[in-house]
Amino acid sequence: MRPSVLCILFFSFFLCVSAAHAAGPDCVVCHEALTKEKVVHPALQMGCTSCHTAVDAAEVPHKMTNKVPMGLSAEQPELCFGCHDKMRLKKKVVHAAVGMGCTSCHNPHSSKNAKLLKAELPDLCYTCHDKKKFTGKTVHAPVGIGLCTSCHSPHQSDNEKLLVSVPPGLCYTCHDKSAFTKKNVHPPVAAGLCLDCHAPHASEQMALLRKDPPFVCLDCHANVRKVPHAVAGFQSYGHPLGIAKKNKKYLEDPARPGKRFYCGSCHNPHSSDSSGLFRYDARTPMDICSACHKM
Ligand code: HEC
Ligand code: HEC
Ligand code: HEC
Ligand code: HEC
Ligand code: HEC
Ligand code: HEC
Ligand code: HEC
Ligand code: HEC
Ligand code: HEC
Ligand code: HEC
Ligand code: HEC
């Protein structure tokens with residue numbers, strides 16, 4: 001019993017393969033170039049007619065025996081779902097590009113790029129998305145090297161903006177969580193609002209900030225500018241805050257050469273083991289002064 005079942009299985013496999021080959025060479029005689037790139041769609045082994053069911057190869061130009069362009073068995077994406085059932089679009093957010101056809105990104109035959117992509121990332125994305133939005137003085141490292149899919153699903157997702165997961169979890173896949181979870185956590189960080197302060201792709205500011213550094217902070221802490229800050233006792237106008245005067249160069253942070261002096265020179269914007277979110281160990285506020293002033 002067992003050997004004969006095997007025999008039937010083997011025989012039908014053989015039949016399938018030879019049927020595919022019977023349809024294959026017919027088309028490949030004239031269309032060989034389509035199959036020649038490095039990465040070949042495994043569907044080609046199943047024969048050109050696994051997709052092009054309605055091409056009459058006997059005549060050139062071909063007569064198409066159905067109304068679907070290229071004599072295909074179905075329109076996209078249905079054509080592709082025929083074999084890629086798991087890709088069916090069931091999630092909340094579907095990339096509008098998929099509606100433009102799977103072949104807006106994939107070559108259905110063969111390609112020089114992995115996953116049959118028509119171009120490498122990020123260039124593929126820039127065929128539809130304006131590259132300018134992904135460039136600036138500061139570019140997020142994964143964006144610069146085209147790792148768009150480390151944050152976005154190219155097809156569909158249950159998260160807005162096709163994100164593979166949402167901040168802050170998304171960010172912690174690459175950034176060490178311990179820097180954001182010290183004893184005192186800045187409330188917007190605790191709430192996962194990384195994007196209130198940072199742009200995800202690129203920015204004209206340091207550290208991908210959305211605005212000129214002190215103003216990122218002053219958006220929520222307008223009061224700091226109104227009352228003398230940090231040194232109220234002996235300075236009526238308080239400590240400089242790093243707000244640049246027109247046409248003047250920024251102050252440099254004495255404790256971090258090369259970096260700009262601003263709120264973040266004294267406070268850690270994310271979290272700190274000290275009260276007051278201080279960047280440096282401090283039991284009292286005055287302890288931090290010595291990080292920059294010899295006293
Ligand atoms: C005798 C040579 C020859 C054979 C065999 C052949 N084709 Fe073609 N095919 C052509 C030529 C020539 C064209 C028109 C020029 C072009 O678009 O490349 C063409 C065009 C096509 C097109 C594009 C039609 C369009 O509207 O733009 C498809 C799809 C196609 N062939 C599929 C097939 C399939 C599938 C087979 C096998 C079942 C096949 N061809 C067999 C020569 C051939
Ligand atoms: C997985 C499905 C699939 C298979 C298998 C397939 N094709 Fe296609 N083919 C397509 C789709 C989809 C298009 C339309 C491409 C587009 O819209 O950009 C197409 C377009 C074409 C075209 C015309 C445009 C072009 O891309 O040059 C030719 C010619 C063609 N196919 C020939 C073939 C031949 C020959 C085979 C077998 C070696 C084959 N196809 C196998 C899906 C397939
Ligand atoms: C006749 C069956 C069939 C059809 C129709 C089909 N595919 Fe495939 N495809 C396969 C098989 C088999 C594989 C290899 C196993 C897998 O990855 O699922 C594959 C793999 C792929 C891959 C991964 C390739 C790689 O190198 O990892 C992509 C991308 C792909 N298909 C895109 C498409 C697109 C786009 C369409 C519609 C234009 C399509 N497929 C239609 C059978 C098919
Ligand atoms: C916006 C461009 C784009 C569109 C449109 C698109 N894909 Fe993809 N697809 C990709 C990229 C990019 C990858 C590689 C993902 C990766 O490497 O993480 C991919 C991977 C795949 C794979 C390989 C699966 C895997 O996880 O490796 C398959 C199969 C596939 N796509 C099928 C399809 C089908 C079917 C459609 C239409 C319903 C489609 N794609 C539409 C960009 C696209
Ligand atoms: C064929 C054109 C096309 C390609 C290629 C393409 N996209 Fe899109 N994408 C669109 C369109 C159209 C929209 C909807 C309008 C918009 O937001 O610009 C969109 C929207 C998006 C969105 C926002 C989704 C939302 O729900 O708001 C993200 C994220 C995205 N694309 C990422 C990518 C990535 C990453 C790539 C490269 C892997 C890519 N796109 C390639 C056409 C494309
Ligand atoms: C580090 C993660 C990350 C990487 C890498 C990344 N993105 Fe995004 N992208 C995001 C986040 C987060 C958003 C949502 C921004 C928001 O809601 O303000 C987004 C939004 C988008 C949007 C929607 C635009 C809008 O303003 O609504 C597009 C399009 C997009 N990304 C394309 C890309 C492309 C193309 C690449 C690769 C060049 C890429 N992304 C790389 C995280 C990333
Ligand atoms: C209140 C605004 C704000 C929020 C919210 C915020 N950041 Fe920052 N982030 C900054 C500022 C300001 C800097 C620049 C620090 C400096 O001066 O070196 C920075 C710097 C960074 C850096 C560069 C390395 C470092 O630590 O200096 C990373 C990575 C970073 N942030 C990730 C995140 C992540 C992930 C989140 C969410 C969990 C987040 N940020 C939330 C303001 C913020
Ligand atoms: C795929 C990995 C990856 C993900 C996901 C990721 N980052 Fe990054 N990010 C990096 C790398 C790599 C660098 C450069 C090295 C560094 O500073 O750690 C970087 C640098 C940064 C910087 C400093 C940029 C500069 O030039 O000063 C900020 C700010 C930042 N990331 C914020 C975020 C935020 C916010 C998220 C979540 C929305 C996020 N990152 C998600 C990989 C990632
Ligand atoms: C999205 C709003 C928001 C932004 C932007 C923001 N903060 Fe805060 N911050 C808060 C909230 C809410 C609190 C808690 C209530 C309070 O003290 O005002 C807080 C508290 C603080 C505290 C007091 C912590 C303590 O334990 O006493 C400091 C210091 C601080 N923020 C510094 C900054 C700095 C520096 C920036 C810019 C890098 C900044 N904040 C940007 C919302 C914000
Ligand atoms: C020279 C160091 C220094 C700079 C620069 C600085 N701070 Fe402070 N900040 C302090 C000290 C010291 C305290 C007092 C903490 C205490 O008394 O507990 C403080 C307290 C705070 C507090 C909590 C109490 C309050 O006043 O609301 C916030 C919020 C704050 N700073 C935000 C900011 C912002 C926003 C900026 C930039 C516009 C900034 N700081 C610039 C040193 C500094
Ligand atoms: C991260 C570095 C840093 C820390 C910490 C710091 N300062 Fe300063 N301080 C500066 C810089 C930069 C200036 C401006 C120097 C200039 O104008 O050239 C300054 C200026 C001053 C001035 C002169 C003000 C003026 O208008 O010229 C006083 C007074 C002062 N700081 C006191 C303090 C006290 C008190 C502390 C502790 C609460 C402190 N500083 C913490 C960097 C720092």
Side-chain angles (χ1 to χ4, degrees), residues 20 38-53 70 72-87 98 101-111 113-118 136-145 147-152 154-155 161 163-177 179-181 185-203 205-211 213-214 216-217 219-221 242 253 256 259-271 277 279:
K38 200 170 81 196
V39 181
V40 179
H41 193 188
L44 293 197
Q45 282 162 19
M46 297 148 100
C48 308
T49 50
S50 59
C51 293
H52 297 277
T53 47
M70 308 289 170
L72 293 163
S73 59
E75 303 261 15
Q76 292 177 50
E78 242 0 271
L79 171 73
C80 311
F81 295 154
C83 295
H84 295 284
D85 190 51
K86 279 195 214 129
M87 304 262 329
V98 173
C102 310
T103 51
S104 54
C105 294
H106 297 284
N107 192 313
H109 308 119
S110 69
S111 162
N113 303 307
K115 307 288 175 197
L116 295 166
L117 293 172
K118 286 184 147 176
K137 271 198 201 124
T138 319
V139 176
H140 201 190
V143 170
I145 57 174
L147 292 180
C148 311
T149 54
S150 58
C151 294
H152 297 286
H155 307 121
K161 307 291 177 193
L163 292 173
V164 293
S165 64
V166 294
L170 173 68
C171 315
Y172 298 151
T173 58
C174 298
H175 294 288
D176 188 356
K177 192 174 173 177
F180 304 89
T181 52
V185 182
H186 195 197
V189 171
L193 303 176
C194 314
L195 299 176
D196 270 24
C197 298
H198 296 289
H201 305 129
S203 140
Q205 309 295 339
M206 57 174 270
L208 292 167
L209 291 171
R210 289 194 184 274
K211 290 189 178 173
V216 167
C217 312
D219 265 0
C220 293
H221 297 290
D253 182 341
R256 300 191 299 163
K259 291 219 174 192
R260 178 168 168 186
F261 176 79
Y262 74 110
C263 322
S265 302
C266 294
H267 300 290
N268 188 313
H270 305 132
S271 74
L277 281 175
R279 185 174 277 284

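The figures that follow rest on heavy atoms only: side chains count, while hydrogens, waters and symmetry mates do not. In listed order, ligands and their atoms are each counted from 1. The first residue of the sequence shown is numbered 1, and numbering continues consecutively from there.
- Using bins of under 30°, 30° to 60° and over 60° for the plane-to-plane angle, the ring pair H201/H152 lands in the tilted bin.
- Although no hydrogens or angles enter the test, the distance criterion places a donor-acceptor pair under 3.5 Å between the side chain of K118 and the main chain of T103.
- Here is the list of ligand 8 atoms found below 4.0 Å of a heavy atom in A141: 11 (C), 12 (C), 13 (C), 14 (C).
- Of all the heavy atoms of H198, the ones lying under 4.0 Å from any atom of ligand 7 belong exclusively to the side chain.
- No side-chain donor-acceptor contact under 3.5 Å links S73 to the backbone of L79.
- For L170 against L163, the heavy-atom pair with the smallest separation is CD2-CD2, 4.1 Å.
- In this pair, H41 and H84 present their aromatic rings parallel. The plane angle is below 30°, not in the 30 to 60° band.
- With 2.8 Å as the limit, H270 counts as an N, O or S neighbour of atom 8 (Fe) of ligand 7.
- Those atoms of ligand 7 that come under 4.0 Å of a heavy atom in P168, given as number and element, are 38 (C).
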Show the distances, to 0.1 Å, for all pairs joining an N/O atom of ligand 3 and a protein N/O atom that are shorter than 3.5 Å, listing one pair per line.
unit_1	atom_1	unit_2	atom_2	d
ligand 3	7 (N)	H41	NE2	2.9
ligand 3	7 (N)	H84	NE2	2.8
ligand 3	9 (N)	H41	NE2	2.7
ligand 3	9 (N)	H84	NE2	2.9
ligand 3	31 (N)	H41	NE2	2.8
ligand 3	31 (N)	H84	NE2	2.8
ligand 3	40 (N)	H41	NE2	2.9
ligand 3	40 (N)	H84	NE2	2.8

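- No donor-acceptor pair closer than 3.5 Å links the side chain of S203 to the backbone N or O of T138.
- Residue A207 approaches ligand 7 through these ligand atoms, each under 4.0 Å from one of its heavy atoms: 14 (C).
- Q76 approaches C80 most closely through the heavy-atom pair CG-SG, 4.3 Å.
- Taking every non-hydrogen atom of L193 and a distance limit under 4.0 Å, the qualifying atoms of ligand 7 come out as 5 (C).
- Atom 8 (Fe) of ligand 8 has no N, O or S atom of C174 under 2.8 Å away, backbone or side chain.
- Within the 4.0 Å heavy-atom criterion, the part of H140 lying near ligand 8 is the side chain and not the backbone.
- Taking every heavy atom of S150 and a limit of under 4.0 angstrom, the matching atoms of ligand 8 come to 1 (C).
- Ring-plane geometry between H198 and H270 is classed as tilted, the angle between the planes lying from 30 to 60 degrees on a 0 to 90 degree scale.
- Smallest separation of non-hydrogen atoms from L277 and V185: CD2-C, 4.4 Å.
- For C171, every heavy-atom contact with ligand 7 shorter than 4.0 Å involves the side chain, none the backbone.
- Close approach of ligand 8 to L170 (heavy-atom distance below 4.0 Å) involves ligand atoms 5 (C).
- A side-chain donor-acceptor contact under 3.5 Å links R279 to the backbone of G264.
- Close to ligand 8: P142, with a non-hydrogen atom less than 4.0 angstrom away.
- Side-chain atoms of H52 come within 3.5 Å of backbone N or O of M70 as a donor-acceptor pair.
- Nearest heavy atoms, P200 versus H140: O-ND1, 2.9 Å.
- The nearest N, O or S atom of C197 is not closer to atom 8 (Fe) of ligand 7 than 2.8 Å.
- Residue L209 approaches ligand 7 through these ligand atoms, each under 4.0 Å from one of its heavy atoms: 10 (C), 11 (C), 12 (C), 42 (C).
- In this structure, the side chain of S111 does not engage the main chain of V39 through any donor-acceptor pair within 3.5 Å.
- Taking every non-hydrogen atom of R279 and a distance limit under 4.0 Å, the qualifying atoms of ligand 7 come out as 15 (C), 16 (C), 17 (O), 18 (O).
- Near C194, meaning under 4.0 Å from one of its heavy atoms, ligand 8 places the atoms 35 (C).
- Residues G192 and P168 share a closest heavy-atom pair of CA-CD, 3.6 Å.
- Taking only nitrogen or oxygen atoms, main chain and side chain alike, Y172 does not reach within less than 3.5 Å of ligand 7.
- Remark: distances from the non-hydrogen atoms of K211 to ligand 7 are all 4.0 Å or more.
- Close approach to K259 involves these atoms of ligand 7, each under 4.0 Å from a residue heavy atom: 18 (O).
- Put simply, the side chain of K259 does not reach to within 4.5 Å of the side chain of P213, judged on heavy atoms.
- Near T138, meaning under 4.0 Å from any of its heavy atoms, are these atoms of ligand 8: 25 (C), 26 (O).
- Heavy-atom minimum distance, D253 versus S265: OD2-OG, 3.0 Å.
- Of all atoms in ligand 7, listed by their number and element, those nearer than 4.0 Å to a heavy atom of R256 are 16 (C), 17 (O), 18 (O).
- When each atom of ligand 8 is checked for a heavy atom of T173 under 4.0 Å away, the hits are 5 (C).
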Stepwise, does the side chain to side chain contact (heavy atoms under 4.5 Å, CB included) test hold for R210 with L195? CA-CA 9 Å; R210 289 194 184 274; L195 299 176; 3.8 Å; yes
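- In terms of distance to atom 8 (Fe) of ligand 8, the nearest N, O or S atom of H175 is named NE2.
- Residue H186 has no nitrogen or oxygen atom sitting less than 3.5 Å from a nitrogen or oxygen atom of ligand 7, judged on distance alone.
- Looking only at distances, a side-chain donor or acceptor of H106 sits under 3.5 Å from a matching main-chain atom of K115.
- Counting heavy atoms closer than 4.0 Å to ligand 7, residue Q205 contributes nothing at all.
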